[in-house]
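Worth knowing before you read on, the calculation uses all heavy atoms, side chains too, and leaves out hydrogens, waters and symmetry mates. Per chain, numbering begins at 1; letters A, B, ... match sequence-line order.
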There are 2 protein chains.
Amino acid sequence: MSKTATNCECLLIHKDAVNEVRSALPSDETLSDLADLFKLFGDTTRIKILYLLFEKELCVCDIAALLNMTQSAISHQLKTLKHSKLVKFRREGKVVFYSLADTHVRSIIAQGMEHLAE
Amino acid sequence: MSKTATNCECLLIHKDAVNEVRSALPSDETLSDLADLFKLFGDTTRIKILYLLFEKELCVCDIAALLNMTQSAISHQLKTLKHSKLVKFRREGKVVFYSLADTHVRSIIAQGMEHLAE
DNA sequence: CTTTCATATGTTCAACTGTTCATATGATAA
DNA sequence: TTATCATATGAACAGTTGAACATATGAAAG
């Protein structure tokens, strides 16, 4: 197997280690999806929105008021969270209430907080 | 308390909901640190590196070969992961071996994978 | 010392991202 | 119908980011 990796100019490669580890890597598609998921948690505004929704459902306007941001900015972020199925919504007249759609949101954020606590 | 949130033009705000939720939000600094942590997991290259290190310690060159990327790109990313204390290293002559420095890395990624599996 | 080579780093640049602004949609009330 | 208002959306713009390239560092060998 001539995997000399054209991009790696190094001459010393630990072939046995490389071969042992190569099979452990999930598919590019899976890893890309995983990175995309974590990207959602990688923005302060989105983290704040999710944190607020831990407590109870909130409308766009309430979230904007709580975070002291424009309704537009919040709406854009909710759109992202909605597309990623982290958040769901229900309409009540003119008002749209958003809430958490996924149980993993809490545990992922909890794990992150645990790391910070060290 | 005149928290009418200058940036929110909406007139309807659910004051009781807002007041109830406001205290649930951690400090801006904590939330910023949390977002920064998740940002690290929000890149395919870094996710791949961490995944590889799940198996065993690897040198820069091995990682570059496995991911078919330049040594420079990998080294830059390892620098980021090192600064964030997710990865540690040990030197052996000219070669630097990297390994996971944090037990939470596994569980955070595992949680993400669980979410995808649904 | 000098050479070799694995790794680190500084710079540049293209691609991406989050916010703002302006505007559109859509539901309710008059 | 028209007016109001909560929300959604499109475009533009600034700030950020990851990779490539060139170069520097530093350890071992000669």
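Partner A:Leu81 forms a side chain to side chain contact (heavy atoms under 4.5 Å, CB included) with one of A:Asp102, A:Leu100, A:Val105, A:Val87 and no other, that one being A:Val87. Just one residue in the list A:Asp62, A:Leu67, A:Leu58, A:Leu66 forms a side chain to side chain contact (heavy atoms under 4.5 Å, CB included) with A:Ile74, and that residue is A:Leu67.
Scanning for salt bridge (Lys or Arg N to Asp or Glu O under 4.0 Å) contacts around A:Glu92 gives A:Arg90, with sequence neighbours left out. With sequence neighbours left out, A:Ser23 forms a side-chain hydrogen bond (donor to acceptor under 3.5 Å, both in side chains) with no residue at all. In terms of the salt bridge (Lys or Arg N to Asp or Glu O under 4.0 Å) criterion, residue partners of B:Asp36 (sequence neighbours excluded) are, by chain and number, B:Lys39.
For the pair A:Arg106 and A:Phe54, the distance from NZ or CZ to the six-membered ring centre is under 6.0 Å and the angle to the ring normal is within 45 degrees. In this structure, B:Lys82 fails the cation-pi test against B:Tyr98, since its NZ or CZ atom is not both closer than 6.0 Å to the six-membered ring centre and inside 45 degrees of the ring normal.
When rounded to the nearest whole Å, the span between CZ of B:Arg90 and C1' of D:dA27 equals 15 Å. Between the C1' atom of C:dA6 and the NE2 atom of A:His14 lies a distance of 10 Å, rounded to the nearest Å. The CD1 atom of A:Ile74 sits 15 Å away from the P atom of D:dT9 (whole-angstrom rounding). For the pair A:Glu57 CD and D:dT7 P, the interatomic distance rounds to 12 Å; values are reported in whole Å.
Ring orientation note: the planes of B:His115 and A:His104 are nearly perpendicular, at an angle over 60° on the 30°/60° scale.
The side chain of A:Met69 approaches C:dT19 more closely than any other nucleotide in the set C:dT19, D:dT7, C:dT7. Side-chain proximity of B:Val60 to the nucleotides C:dT20, C:dT7, D:dT7 is greatest for C:dT7. In the set C:dT9, C:dA8, C:dT7, the nucleotide with an atom closest to the side chain of B:Lys79 is C:dT9. Looking at the side chain of A:Val96, the nearest of the listed nucleotides C:dT9, D:dT7, D:dG10 is D:dT7. Of the candidates D:dA8, D:dT7, D:dA19, the closest approach to any side-chain atom of A:Tyr98 belongs to D:dA8.
B:Gln111 approaches A:Ser107 most closely through the heavy-atom pair OE1-OG, 2.9 Å.
Contact annotation: side chain of A:Gln71 to base of D:dA8, donor-acceptor pair present below 3.5 Å.
Within a 6.0 Å radius of CD in A:Glu29, no more than 12 heavy atoms belonging to other residues, nucleotides or ligands are found. Heavy-atom neighbours of A:Phe89 CZ from other residues, nucleotides or ligands within 6.0 Å: at or below the threshold of 12.
Residue contacts shown for A:Phe97 are absent, as no nucleic acid heavy atom lies under 4.0 Å away.
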N/O contacts under 3.5 Å, protein versus nucleotides 11-13 of chain C?
none

Name the pairs: protein N/O against N/O of nucleotides 25-30 of chain C, kept only if under 3.5 Å.
none

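Between A:Gln77 and C:dT19 there is a side-chain polar atom (N or O) within less than 4.0 angstrom of OP1 or OP2. For B:Ser72 and D:dC21, the shortest distance from a side-chain N or O to OP1 or OP2 is not below 4.0 Å. Contact annotation: A:Thr70 reaches the phosphate of C:dT20 (side-chain N/O to OP1 or OP2, under 4.0 Å).
Using a 4.0 Å cut-off on heavy atoms, none of the residues of residues 37-56 of chain A approach DNA chain D.
Between B:Lys48 and A:Asp28 there is a salt bridge, since at least one side-chain N of the basic residue sits less than 4.0 Å from a carboxylate O of the acidic one.
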